[in-house]
Every structure is written in C-alpha cells, then in structure tokens.
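This report refers to the structure that appears directly beneath it.
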Amino acid sequence: MHVPDGFFDAPTSIATGLIAAGAVGVSLQRANRELRETGPALAGLTAAFVFAVQMVNFPVGAGTSGHLLGGALAAALVGPWTAVLVMSTVLLVQGLLFADGGLTALGTNITLMGVITVIVGYFVTRALLQALPKRVGSVVPATTIGALVSVPVAALAFTGLYAVGGAVEIPIGKLATAMVGWHILVGLGEAVITAAVLSAVVATRPDLVYAARHLQKDLVLVDADGNTSTVAPDRPIAPKPAGRSLGVGVAFTFLIAGVISLFASAHPDGLEFVGAKLGFESAAKDSAVASSPLADYGVSGIGNTQVSGALAGIIGVLVTIAVGLAIAKLASIRSAARTE
Amino acid sequence: MTASAGDGLLVAVDSRIHRLPAQVKIVALFLFVLAVVATPAAVVWAFALYAVLLVGCVVLAKLPPATVMRRMAVETPFIVFALLLPFVATGPQIEVLGLSVSESGVFGAWNVLAKGTLGVVAAIVLSATTAPRELLAGLERLRLPSTLIAILSFMVRYLSVVSDDLHRMRIARESRGYTGGRAGHLKAVAAGVGALFVRSFERGERVHLAMQARGYTGRMPQLTHSGATRNQWLEGLAISLTAFAIAVAARVVGL
Amino acid sequence: MSGPSIQVERLVFAYPDGRQALFGVDFTVEPGERVALLGPNGAGKTTVVLHLNGILGSVTGGTGSGRIRIGGTDLHREHLAEIRRKVGLVFQDPDDQLFMPTVRDDVAFGPANLGLRGSELDDRVFEALSEVGMQDHADIAPHHLSFGQRRRVAVATVLAMRPEVLVLDEPSSNLDPASRRELADILSGLDVTLLMITHDLPYALQLCERSLLIDDGRIVADGKTRDLLADPDLLSAHRLELPYGFDPLSVSGPER
Amino acid sequence: MSGPSIQVERLVFAYPDGRQALFGVDFTVEPGERVALLGPNGAGKTTVVLHLNGILGSVTGGTGSGRIRIGGTDLHREHLAEIRRKVGLVFQDPDDQLFMPTVRDDVAFGPANLGLRGSELDDRVFEALSEVGMQDHADIAPHHLSFGQRRRVAVATVLAMRPEVLVLDEPSSNLDPASRRELADILSGLDVTLLMITHDLPYALQLCERSLLIDDGRIVADGKTRDLLADPDLLSAHRLELPYGFDPLSVSGPER
Ligand SMILES: Nc1ncnc2c1ncn2[C@@H]1O[C@H](COP(=O)(O)OP(=O)(O)OP(=O)(O)O)[C@@H](O)[C@H]1O
Ligand SMILES: Nc1ncnc2c1ncn2[C@@H]1O[C@H](COP(=O)(O)OP(=O)(O)OP(=O)(O)O)[C@@H](O)[C@H]1O
Ligand SMILES: [Mg+2]
Ligand SMILES: [Mg+2]
C-alpha cells in the first residue's frame with residue numbers, strides 16, 4: 001500500500017500531510033506518558049517488528065503476495081499514541097532508506113498505514129474487550145479482529161483518497177472492489193501473525209501488553225516467614241476503561257466506508273448496484289485472479305460486472321466484522337477451556 | 001552473525017557523497033523529490049534532465065549500477081499499477097498498437113512511473129551512501145522530535161537484533177537437522193514468531209534497563225559533532241537547486 | 001557515605017510470569033568490603049543483583065516487597081538516578097549491556113550521561129578500554145566481537161563510570177585465563193565496595209574476604225570465604241565443589 | 001565412518017565486515033578422540049567451530065577458502081543436512097541455541113527432525129533433560145531461565161540428537177561447580193568424537209587427552225594436553241595460565 005511520489009495530486013498529498021503532522025503532533029504529546037514508563041526500547045522494538053512484518057510478503061493464493069501492516073498489533077502492545085509514532089517511524093525509515101513509499105507521499109502513507117490502522121485496530125480491540133470475558137487472554141481474539149478489520153478499512157481509505165486525488169481517473173468502484181477484496185485476504189494474514197505474536201506475549205509477559213494491563217491476575221508471594229500475600233502485578237500504564245469504544249469504533253469504520261461510498265457514487269461509473277452477494281463474490285474472485293501474475297495492488301480485470309466499490313467496501317467490512325466476531329467467540333471459548 | 005542489518009544498506013566505498021553530512025543529504029533529497037513532483041508530467045525533457053542529474057549522483061557516489069537496479073525492485077507494485085492504468089482509466093480512448101487505451105491512462109502511467117522512479121533512485125542514493133547511525137544523527141540535527149529519534153534509534157538497533165535472531169533461529173534449526181525447505185521455514189518462522197517477539201522484547205527491555213543503569217534519562221548523549229559547513233551545504237544542495245531551476249523552467253516554458 | 005554500602009532487608013520478588021525467585025533475602029555490605037555471592041544455577045543471584053539499582057523490584061513497579069538502601073539512601077523512585085550513578089552493574093550477558101554502534105560509543109555512554117565531554121570523555125574511555133585490553137577495538141561494532149571480548153567491553157563500560165559500588169555478575173566467565181587474572185588485579189586495585197557473583201570458588205577466595213551463599217531465593221550462609229569453602233557439607237548441600245586438588249587453606253586470600 | 005571424524009585443511013575465513021579471523025587452520029580429529037580447543041579471547045576458536053557444520057564459510061556463501069571433511073564426507077552444500085545431523089554443536093551463547101517457546105519443545109526439536117515421534121520422542125527429551133538436571137523445567141520458556149539453566153538446556157538440545165561428533169563451545173562457563181562436574185561425567189561417558197572449546201585448563205586436562213592451541217587464527221600447538229599445559233612458555237605466549245596452585249603433572253588425566 002506504500003504510495004510513491006507523484007501518485008496523488010498535490011492537494012491530496014498536502015492535506016494528508018497535514019493530517020499526518022497533526023496526528024503525530026498530538027501523539028507526541030500524549031505518548032510521553034506511555035513512553036516514560038515503558039521506555040523507548042519497547043517502542044523501538046515494536047517498530048523494528050512492524051518493519052520486519054511489513055517485509056514479509058506472504059502468499060495469498062494464485063501465486064501472489066501481499067504485505068502486512070501491523071498497526072493494530074502495535075496499538076495493542078504499546079498503546080495507540082505510541083503506536084502512531086511507531087508506525088510513522090517505520091514509514092519514515094522505509095521512505096528514506098528503502099525507497100519504499102515516496103517522501104512527498106509520506107503524509108499519505110502515515111495517514112493510511114499509520115493513523116487509520118492504529119485507530120481502527122485499537123477501537124475495535126477496545127470495543128471487543130468490553131464484550132469478551134474480563135481476562136488477559138481476551139486480548140488475543142480482540143486484537144486479532146482489530147487487525148483483521150483495520151487492513152481492509154485502510155484499503156478503503158486508500159480508495160477514497162484515490163477518488164479525491166488520484167492522478168488518473170479510473171473507475172473507483174473497480175478500484176475499491178479490488179483493493180478491499182485483496183486486503184481482506186491480507187487482513188487474514190495480518191490476523192494470523194497478530195494472534196501468534198500476541199498470544200506468545202500474553203502467555204509469558206502479559207504485563208507488556210498495553211491493552212491487557214488492566215486485566216492481569218494478581219500474583220501470590222511467599223515471604224521470609226512463609227506467609228503468603230497477594231499483590232497487584234506490575235501495571236505501568238493501563239488504558240482507561242472505554243465505555244463508548246464499541247460505538248466509536250463501529251462509527252469510525254462506517255464513516256470511512258461511507259465517505260468512500262459518497263465519492264464513489266459521485267463517480268459516473270461506480271453507480272451500478274449489483275446484488276450484494278454477487279458483488280462481493282466477484283470482488284474477491286477478481287482480485288485473486290486478475291492480479292495473479294502481478295505483485296501487489298492488482299486492479300481487477302476489465303469487462304467484469306461493474307460493482308459499486310462503496311457497496312462492496314461496506315459489505316467487505318461487514319463480512320470481516322462478522323467473521324471476526326465468530327473467530328472471537330471461538331477463540332474465547334477455546335481459551336476458556338484451556339484456562340479451566 | 002553474518003549479514004548484519006546494523007550496517008543497513010550502506011555501500012561501503014568512499015566518495016564525495018558519502019562524506020557529506022547526513023542532514024545535508026536528507027534536505028537535498030526532500031528538495032529534489034519536491035521539485036520532481038511539482039513538475040508537470042507533460043514536460044518530458046525536464047524528467048530527462050532529472051534522470052541525468054541522478055545518474056550523475058550515482059556515478060559520483062561510486063555505486064555499482066547493478067545494486068541500484070536491484071534495489072529499484074521496491075517499485076514493482078506501482079509499475080504494475082502504472083501498466084494497468086491505460087487499460088482501466090476512463091476518458092477519451094486512443095489507439096496504440098491496435099489496442100484501444102485511455103489517453104489519460106497512458107499519461108497517468110507515465111506520470112506515476114517517471115516521478116516514482118526518480119524518487120526511488122534518489123532515496124537509494126541516500127541509503128547507499130549513509131550509514132543508519134549517521135542518518136539518525138542527521139535527523140537529530142534537523143530537530144526531529146527527540147521521542148521519534150529515540151524510537152528510531154532503538155528501531156535501527158533492533159532491526160539488527162531481530163534479523164540476527166531470525167538468522168540464529170535458522171542456524172539453530174538447521175544445525176539440529178531441520179530440512180523444511182523454504183515453505184517449511186516460513187511455517188517454522190510463523191510458529192516461532194511469537195517466541196521471537198517475546199525474546200526480542202525482553203532483550204529490548206533488559207537493554208533499556210542497562211541503559212538506565214548507566215545514567216540514561218531519555219536523551220541519547222550527543223557523541224558525534226557532525227555540524228555541516230556552509231560549503232558542504234552548498235555542495236549537497238547544488239543538485240536540488242538545479243532540480244528546482246528545472247522545475248521552474250518547466251512550469252514557465254512548458255513543453 | 002553514611003551507613004552501609006548495600007543493605008537488603010526481607011527482599012521478596014516474583015517475575016511477571018508468576019515464578020517467585022526470592023523468598024526473603026537479607027544482607028549488608030559495609031563500604032570498602034569485597035563480597036562474593038555464591039550459589040547454584042537458578043538460586044536467585046542475578047535476581048538479587050538486578051534489584052540493587054532498581055532494575056527489578058517494586059521501585060520500578062515490579063512485584064515484590066522488602067527494603068533496599070544504598071549508601072544509606074533508600075531505593076526510592078526519586079533517588080533512582082542518583083543510586084544508579086553510585087552502583088555500577090556488569091550484566092551476566094554482555095549482549096544485554098552493549099547497545100551502541102561502536103565499542104567506543106558504548107563505553108562513552110555512561111560517562112557522557114554523567115556530563116563528561118570532549119577530551120575528558122575520550123581519556124576516560126581510553127583508560128577504561130585499556131584496563132580490559134580492548135583499546136585497539138574501539139571502532140568496532142560490539143556484536144562483531146568474540147564473546148569474551150564482548151564481556152571485557154561490558155566490564156569497561158562500567159569501569160568508565162567510576163561507581164562507588166561495583167556489582168559484577170560472573171565477570172570472569174568466558175575470559176581467557178590471563179584476562180581473568182588481569183581482571184582480578186584491576187578489581188583488587190579499585191577503591192570501591194565490591195559484590196561479585198561467581199561460580200569460580202578459588203576466584204572468590206582470591207578476591208573476596210567475605211562470601212554470601214544463596215540458594216532457592218534465600219541466603220543460607222554468610223561469612224569468611226575461607227571458612228565457607230572449608231565446610232564441605234555446606235558446599236555439597238548447595239551444589240558447590242572445590243576444583244580437584246584445591247585446598248582453600250593452602251592459598252593466601254585477600255585478608256593477609 | 002570412513003576416515004577421520006573431523007578434517008580441516010588450510011581454512012581461511014574473513015567476516016563480512018572484512019576482519020579476517022582465520023589464516024590457515026589445519027587439524028584432524030580421529031573417531032573417538034576427545035580434543036580441547038584452547039586459545040585466548042578473539043583467537044578464532046568459535047569461528048573455527050562454526051565452520052564444522054557449515055554455519056560459516058564458503059559452503060554457505062561466506063568469504064573463505066579451505067576444505068573440511070566430516071567423517072570422510074566433504075562439507076558441500078548437498079551434504080549439509082547430513083553433516084548437520086552428524087555434528088552436534090553447542091553454541092557459546094545459549095541464546096543462540098534456544099528458540100522454541102518451551103524447554104521441552106526446544107529439546108524435542110532436533111529428535112523430531114530425525115523422525116522420532118510419540119513416546120519415543122518424549123523419552124528422549126526426558127532423558128536429555130535429566131542428564132543436565134533440568135527435567136523439572138520442561139514447561140518454562142527458555143528465556144525465563146537463569147543463564148546457567150539456559151546453558152544446561154542448550155547442552156540437552158544437542159545431547160538429545162545423539163550426534164556422532166559433539167562440538168561444544170565453552171560448555172562449562174556459567175555452570176555451578178556441581179553441574180560442571182556432572183557435565184564432565186556425562187561427556188566422558190558418551191561414545192562420540194568430542195571437540196571442546198574451553199578456557200578452563202584443568203577441565204580440558206580432565207576431559208581431553210589431546211589439545212589444540214589456536215591464536216590469531218592459526219593453530220600454534222597440537223599435542224597431548226598434559227604436555228601443552230606443562231610448557232609454561234607456550235602458555236604464557238598465548239595468554240593461558242594455570243590456576244594458582246594447580247600442577248598438571250600431579251593430576252590424573254583421561255589417558256590413564
Ligand atoms: N525473566 C524471568 N522470568 C521468569 N523467571 C525467571 C526469569 N529469570 C529468572 N527466572 C527464574 O528465577 C530463578 C532465579 O534466577 P536467577 O537468574 O536469579 O538465577 P542465578 O542465581 O543468577 O543463576 P545462574 O547462576 O544460572 O545465573 C530461576 O529459577 C529462574 O528460572
Ligand atoms: N560477527 C563478527 N563480525 C566480525 N568480526 C568478528 C565477528 N565475530 C568475531 N569476530 C572477530 O573474529 C575474531 C575471532 O573471533 P572468535 O569469536 O572466533 O574468537 P574466540 O576464539 O571464540 O574468542 P572467545 O574466547 O572470546 O570466545 C575476533 O577478532 C573477533 O573480533
Ligand atoms: Mg545469573
Ligand atoms: Mg568464542
């Protein structure tokens with residue numbers, strides 16, 4: 001999803017640059033509290049890991065591959081504010097040293113991959129934590145779904161930006177279909193990695209997971225005289241209980257989807273509403289097939305049913321959430337069985 | 001143990017460009033890319049001039065052309081995108097080689113390709129001539145917020161820890177009779193990725209504590225004093241300024 | 001300093017994964033004393049030592065209880081910086097200790113944090129590196145050194161800070177015999193309070209008048225090194241053994 | 001096996017950063033021999049040993065030349081898997097060796113790759129862990145062990161594979177004295193070819209009949225351990241020293 005120089009027009013680049021600068025600025029202020037406790041080493045390590053994870057191009061069928069984003073994972077580990085900084089750092093390094101993503105598009109890239117994935121991932125995680133049983137293990141399914149949702153949403157946002165400021169006009173519906181269909185698959189991979197990493201961290205060092213800090217069990221200590229006492233575990237900075245997370249998360253997700261549908265509707269070609277089921281299926285199929293010999297970012301073939309990207313986008317998000325909730329249910333049943 | 005990410009992408013030769021302070025190179029890179037992006041896509045000669053400038057840099061920096069070509073591979077996804085543009089874009093169609101393609105698509109493809117490629121090559125020149133550590137010092141001199149610098153410096157350090165760890169895991173695995181092949185390795189890495197993370201995480205934590213034990217309070221002490229002289233600034237920015245002149249000329253003169 | 005250099009009272013600690021490592025540790029080290037901390041693998045030696053400058057323990061939010069005073073100052077959050085300046089700690093794993101891009105920068109890190117700059121800093125770095133015989137490797141990346149070389153640099157990073165209390169976690173392991181002796185010479189030449197973990201009992205006898213024996217998270221013996229090593233029952237109960245042919249009574253220790 | 005267990009000829013190697021570590025190393029180890037590899041810090045011991053199963057060196061694309069044969073088989077890319085099965089290598093840093101989420105998984109990894117399954121695998125794992133006294137820690141994450149415990153697990157991971165050639169890089173460092181002796185007992189009870197790096201000269205004498213002395217990337221002596229240790233000039237020229245009060249002629253070595 002790394003945007004190169006000259007991909008979007010100047011106003012879009014500047015606007016997203018401003019968004020990114022604002023987000024980073026606010027995060028810098030808010031992250032200080034998180035960072036004072038945990039230190040930059042952990043944030044730096046998370047950054048290194050996100051970087052590594054973005055290098056892993058994993059196959060998504062038909063001989064193609066996509067790369068992971070890591071925003072939701074970072075948010076769960078170091079907290080949302082620090083996570084924005086972490087993602088921005090990663091993108092800056094990629095732009096400067098690896099020529100991955102253009103420098104004039106840095107703002108765009110930070111907005112898409114740094115801010116949106118973190119916000120979506122974190123809100124979804126927090127919201128699910130409200131719903132799931134109150135124990136540390138719940139963080140794994142919650143964040144996994146956060147990760148799963150965050151990727152297609154970022155893809156939708158990409159499409160939205162393209163609709164506003166793409167250098168060339170192409171049917172936004174098709175682009176949205178391809179991007180979202182594609183990134184649902186990437187999101188699945190992201191979910192797998194996120195789950196693997198988080199479950200290992202939760203199993204051995206739950207105190208390191210920002211999102212789980214308030215859920216830790218107390219520890220039992222035996223002192224010199226053999227007396228037992230119970231103490232609260234190490235709990236540097238725990239997130240505040242968020243009551244409205246669910247609403248905010250869902251609202252945010254749909255806001256992005258909706259805004260994009262607006263742009264898409266304004267576009268003459270994107271207005272043919274096809275049945276939801278059919279639309280989604282062909283979207284998924286297109287992205288898997290049309291881009292098969294090509295690396296990333298395939299654009300679906302020509303001549304297929306014209307699908308409203310917005311609709312497909314919203315459906316994609318819905319399906320993702322549904323699948324995610326189902327997985328969460330399963331996972332929490334399984335982890336409950338294990339702890340028993 | 002072998003290929004260490006600690007040295008980043010530096011091509012270790014000595015050249016004028018290698019010797020420039022990092023902050024000069026970073027600023028020069030930004031200005032250059034800005035100039036390129038601001039140039040109307042239609043002014044083909046301007047892009048040719050930019051390319052000539054960049055090739056000059058590559059030669060001046062004594063970079064092996066093969067290395068530069070290889071690193072340009074990051075661009076592939078967008079080349080693909082660009083190649084598709086003429087077919088999917090809307091608007092008036094034109095005939096090329098018997099195919100009907102979108103005029104604006106062809107134009108857009110050229111736009112994306114030309115600007116993207118120039119940006120990528122410029123970044124490659126920076127990364128091949130600057131060690132990560134100098135880059136950090138440069139960014140610090142450019143007053144990047146210290147929090148970001150701190151994250152960045154640990155990230156650079158941990159890139160080598162994690163990649164070394166991955167490398168070690170592979171070796172430890174192979175030296176115990178593991179013959180999974182490539183796919184098997186991926187599977188094993190996926191299974192081990194959690195353990196790898198915790199392990200690196202804890203190492204990160206211990207290192208942070210070791211730093212605190214030696215008086216670290218959140219700011220890395222400035223150990224190198226790499227202020228740039230005015231001549232170095234002039235030298236470094238010469239190319240960017242030329243690029244700006246080209247951009248202005250392109251806007252004024254047009255085709 | 002007013003009061004003992006190190007004073008540990010009823011120290012209890014559990015790691016975040018729930019394993020309790022210390023079950024009430026008490027000991028005191030007076031200024032200028034050299035004390036060896038002995039004990040089998042997994043006894044809790046490293047865990048104790050990491051408490052001494054607030055790396056583990058309740059002061060940094062860990063799970064545990066007890067009280068630690070360094071040079072009469074309570075180990076509280078507000079004194080942390082001061083105490084860390086006083087207590088120099090050499091880690092068991094040199095890779096935990098070395099994090100800068102070159103050996104020189106790594107050794108300079110501590111003194112630079114103390115405010116040293118310029119030629120004063122350079123002198124300090126050079127001196128510390130010379131003491132461990134690594135002055136020729138100043139420009140190399142620490143992870144490009146051999147393991148024993150890394151351990152030497154780790155010692156140098158702490159020597160360069162000139163701490164009042166020097167705490168070393170198995171400093172002599174992986175060192176070649178000559179370096180081991182040279183390290184002993186350096187350590188016995190320093191005018192500091194010394195607490196050293198080691199599995200090398202003759203080395204402990206050579207350097208430290210007094211020893212603490214720890215097992216299963218509790219101090220089980222505290223006394224003259226020579227006396228402890230002359231007690232075969234005590235040693236064998238805690239998995240310690242003297243090397244073949246070594247008689248602690250035949251060798252002169254630091255008491256003189 | 002046909003031919004010597006380990007045969008190294010004119011081995012030259014430089015690390016990717018350009019530092020040359022080996023300048024022509026030649027030696028041969030016959031089946032069943034126990035050989036100690038001695039030398040000061042940074043001599044190139046680890047570098048040599050990492051060549052023996054193709055971790056470093058030209059076979060995996062490194063910069064170097066020379067020839068290595070293991071049990072008569074040339075160390076070529078196509079034989080790599082086979083040779084790695086034959087040569088068990090215990091790394092100097094246990095963190096290099098342990099990578100699985102639990103101790104049990106880590107020890108099981110090697111034998112599982114050899115095709116063991118089910119109860120046979122469990123037995124093998126239990127046996128190896130018992131040999132190093134870590135059977136009670138099977139379910140812990142390796143990085144949550146003390147350093148000495150990690151070293152013991154590292155040894156167990158290799159013992160569990162029952163290699164023909166056992167190569168150990170300072171296996172006894174960070175071990176408590178009892179574990180050190182127990183390890184010596186285990187090693188002398190195994191029917192394998194043994195190559196062991198150590199800085200503990202009495203330990204070398206106790207376990208290995210023959211020693212190689214390496215310095216500055218070259219073999220500088222090769223002979224009976226007892227003879228080498230009885231040559232004070234040779235030792236002091238290469239930063240080796242016998243512990244105070246230790247006389248190599250007074251102790252019985254493995255030759256008998
Ligand atoms: N990070 C950790 N998490 C959980 N448990 C730990 C951790 N580190 C050590 N332990 C456990 O705490 C106990 C004491 O460990 P410690 O490292 O203090 O031992 P030690 O005396 O230093 O041993 P060694 O001589 O092997 O270094 C051991 O049982 C060990 O398994
Ligand atoms: N990864 C590396 N990159 C560059 N140089 C290295 C690297 N590892 C080791 N060296 C250098 O190679 C030489 C030999 O190192 P080696 O690790 O083989 O020594 P050693 O004999 O095992 O020492 P020790 O007893 O300290 O473990 C040393 O000079 C060291 O600085
Ligand atoms: Mg220890
Ligand atoms: Mg070595």
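Throughout, a chain's letter reflects where its sequence line sits, starting with A, and its residues are numbered from 1.
Taking CG of C/D93 as the start and CG of D/D93 as the end, the distance is 5.5 Å to the nearest 0.5 Å. One finds the NE2 atom of C/H143 at 8.5 Å from the CG atom of D/D17 (value rounded to the nearest 0.5 Å). Atom CZ of D/R239 sits about 8.0 Å away from atom CZ of C/R181, to the nearest 0.5 Å. Rounding to the nearest 0.5 Å gives a distance of 8.5 Å between CG of C/N41 and CE of D/M134.
Contact tally against chain C (heavy-atom pairs below 4.5 Å) for D/R151, D/E182, D/K45: the top residue is D/E182. Of the residues considered (D/I197, D/I140, D/D169), D/I140 shows the highest number of contacts with chain C, using heavy-atom pairs under 4.5 Å.
Here the side chains of C/R19 and D/H144 are not in contact, with every heavy-atom distance at 4.5 Å or above. Using a 4.5 Å heavy-atom cutoff, the side chains of D/D95 and C/D95 are not in contact. Side-chain atoms of C/D176 and D/L38, non-hydrogen and from C-beta on, never get closer than 4.5 Å to each other.
In plain terms, the two heavy atoms of D/Q92 and C/N174 that are nearest each other are NE2-ND2, 3.5 Å.
Of the two parts of C/P202, neither the backbone nor the side chain holds a non-hydrogen atom closer than 4.5 Å to a non-hydrogen atom of chain D. Proximity to chain D involves both the backbone and the side chain of C/L175, based on heavy atoms less than 4.5 angstrom apart. Neither the backbone nor the side chain of D/H238 comes within less than 4.5 Å of any heavy atom in chain C. Both the backbone and the side chain of C/E241 come within contact range of chain D, with heavy atoms under 4.5 Å apart.
Across D/S173, D/S172, D/P177, D/S179, a single residue satisfies side chain to side chain contact (heavy atoms under 4.5 Å, CB included) together with C/H199, and that is D/P177.
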